[in-house]
S.K.: 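What follows is a single structure, and I will ask about it in a moment.
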Amino acid sequence: MHDVVAQASNFIHLDVVNVTYLFLVGFVGGLVSGFIGSGGAFVLTPAMMSLGVPGLVAVASNMCHKFPKALIGAIKRAKYGQVDVKLGIALGISAEAGVLYGAHIQESIKKAFGDAGSNLYVSISFVVVLGVVGIFVLRDAWKTYKSGNMHAEEKITKIAKWVQSVNIPGTMVYFKSLDARISILFTIPLGFATGILAATIAVGGFVGVPSMIYVLGAPSLMASATELVIAFVMGVGGTFKYALHGMVDIRLAMIILGGSLFGIQLGAMGTTYVKPFMIKVVMGVIMVIVLFSRALMVPVYLSQLGLITTLTEETTKILKSTSFAIMIFALALGAFIVLRAMWQGRRAEQRELLEKLVHSKA
Amino acid sequence: MTAIEQKKRTKPVTPLILTGIVSVGLYIALLSNQNFLNNTFGKGGTFAFLPIITAFIFSFFHGTFTGHFWTMLGVEASKKKKEVK
């Protein structure tokens, strides 16, 4: 308990600039999360750390803002019929186990190799997972765009067809997002992987959403909305775990939540205006850009571990700032695509209504 | 326009103001009691429920407020019924 009180004394002083900065980053993060189900949170931990917040407090406070945000987003998107609560809870429970296991891996690496080793593990996870999944998602979105069939019903993959065809007695459950009965056993590894990723890079949705789309056969809109349920389940458990050790800075969490609740409402509404493949576009673009951001940090950690020639302080500083700037750019670009798509969708709908009105008058 | 449609289009002024006042009140309380909150929430153990309860309270009032806020600005979901599958 003593270390806990010491941790509390590490809670930073907040001024108007800090509060505004966190509120705005929260808003943009919320906007992206409302649209793709996750993806807004990865920038918040480094954003808080850039203000001098200790790493663990930043992770804990991020987690504490995430679950109420996900709850509001899920409620909003449920009104549009996009949420599969049953699938979200099924995946969320195994994701919770994944979070605990992921945190255990992190602790073991930290014990064995120190902070630099732990950071290197996080960065390499970012690069590998985002490299494989991000490029796959973006390629799929590009194929849909090139085919000119953006309004067409999304086709389910061969893997998803197979998953939906397997019958394991006693484990079959009907999920409305899949409009099929699948074995609950398939959701366990997917949820678990989502949880491990959430504990490692703070965004489980980069595995959760694509796995619902490509492995289970859920439509993009429903997968991204259901991810909010998973984030809620994972977030409550994760927050409690960190709160037991007094790590949550409730001020930071609630200020970010203040901005992100404005954003998540907007992002959720945005999904009703866009073509489903836009979910994949935003997710893929963010993943690929963030991949570069984290890749820049790999030499820094390798140098700290003595695995390559030591980098100068100047070079380390440049790499760190560039990496953070690219991360902010990724989020801002994602938010821009969401807002632009929403704006275009609204204008098209208004034009259509006007035409109908003119037509009916004529 | 039918009475029902008219009712649907009414802007949620009163709920916006009410939830807005509660939301601002919550944030004032949060920022003006920083030391107390840091010390209490930082204790951990059985106090672990506090951040979770706080987050639920903020999300209820502030979440409702932000929803009404965008409605007041005329930003709403598409009127077209979207076929998800």
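Letters A, B, ... mirror the listed sequences (proteins, then strands); counts begin at 1. Because the structure is a prediction, the values reported are computed rather than measured.
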S.K.: Is it the case that over 12 heavy atoms from other parts of the model lie below 6.0 angstrom from the CZ atom of B:Phe36?
M.R.: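 Open.
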
S.K.: Flag the one option from A:Lys76, A:Lys79, A:Glu352 with the top tally of heavy-atom pairs under 4.5 Å to chain B.
M.R.: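 Looking at each of A:Lys76, A:Lys79, A:Glu352 in turn, A:Glu352 comes out on top.
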
S.K.: Mind checking whether B:Ile52 and A:Phe67 have side chains closer than 4.5 Å, heavy atoms only?
M.R.: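 Contact flag for B:Ile52/A:Phe67 side chains = yes.
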
S.K.: What are the two closest non-hydrogen atoms of A:Phe262 and B:Trp70, and how far apart are they?
M.R.: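 Looks like O-NE1, 2.9 Å.
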
S.K.: Shorter than 4.5 Å, heavy atoms on both sides: which option in A:Leu266, A:Leu353, A:Thr239, A:Val236 has the most such pairs with chain B?
M.R.: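 Most pairs with chain B among the choices: A:Leu266.
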
S.K.: Which bit of A:Leu71 comes within less than 4.5 Å of chain B, counting heavy atoms only: side chain, backbone, both or neither?
M.R.: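 Looking at A:Leu71, just its side chain touches chain B.
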
S.K.: Which bit of A:Ile72 comes within less than 4.5 Å of chain B, counting heavy atoms only: side chain, backbone, both or neither?
M.R.: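 Side chain of A:Ile72 only, per the 4.5 Å heavy-atom cut-off to chain B.
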
S.K.: Do side-chain atoms of B:Tyr27 reach the backbone of A:Met254 as a donor and acceptor pair under 3.5 angstrom?
M.R.: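 Confirmed, B:Tyr27 side chain pairs with A:Met254 backbone.
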
S.K.: What part of B:Leu31 is in contact with chain A, defined as an atom under 4.5 angstrom from a non-hydrogen atom: side chain, backbone, both or neither?
M.R.: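 Only the side chain of B:Leu31 comes within 4.5 Å of chain A.
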
S.K.: A:Ile255 versus chain B, heavy atoms under 4.5 Å apart: side chain, backbone, both or neither?
M.R.: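 Contact with chain B involves both backbone and side-chain atoms of A:Ile255.
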
S.K.: Decide side-chain contact (heavy atoms from CB on, under 4.5 Å) for B:Phe69 and A:Gln265; before the verdict, give the C-alpha distance in whole Å, the side-chain angles of both, and the deciding distance to 0.1 Å.
M.R.: CA-CA 10 Å; B:Phe69 173 82; A:Gln265 303 266 8; over 6 Å; no

S.K.: So which part of A:Ile75 gets closer than 4.5 Å to some heavy atom of chain B, the side chain, the backbone, both or neither?
M.R.: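 Neither part.
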
S.K.: Output the distance between atom OG1 (B:Thr66) and atom CG (A:Leu257), rounded to the nearest 0.5 Å.
M.R.: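 That separation rounds to 9.0 Å.
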
S.K.: About how many Å separate CE of A:Met269 and OG of B:Ser78, when rounded to the nearest 0.5 Å?
M.R.: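 Here the interatomic distance stands at 12.0 Å.
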
S.K.: Quick one: pull up CD1 in A:Ile250 and CD in B:Gln34 and give me the separation to the nearest 0.5 Å.
M.R.: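 CD of B:Gln34 is found 12.5 Å from CD1 of A:Ile250.
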
S.K.: Any donor-acceptor pair under 3.5 Å linking the side chain of B:Ser59 with the backbone of A:Pro68?
M.R.: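 Absent.
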
S.K.: Which atom pair, heavy atoms only, marks the closest approach of A:Leu261 to B:Phe58?
M.R.: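 Smallest heavy-atom distance, with atoms named: CD1-O, 4.4 Å.
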
S.K.: Highest number of heavy-atom pairs under 4.5 Å with chain A: which of B:Gly67, B:Ala55, B:Ser23?
M.R.: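 Most heavy-atom pairs under 4.5 Å with chain A: B:Ala55.
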
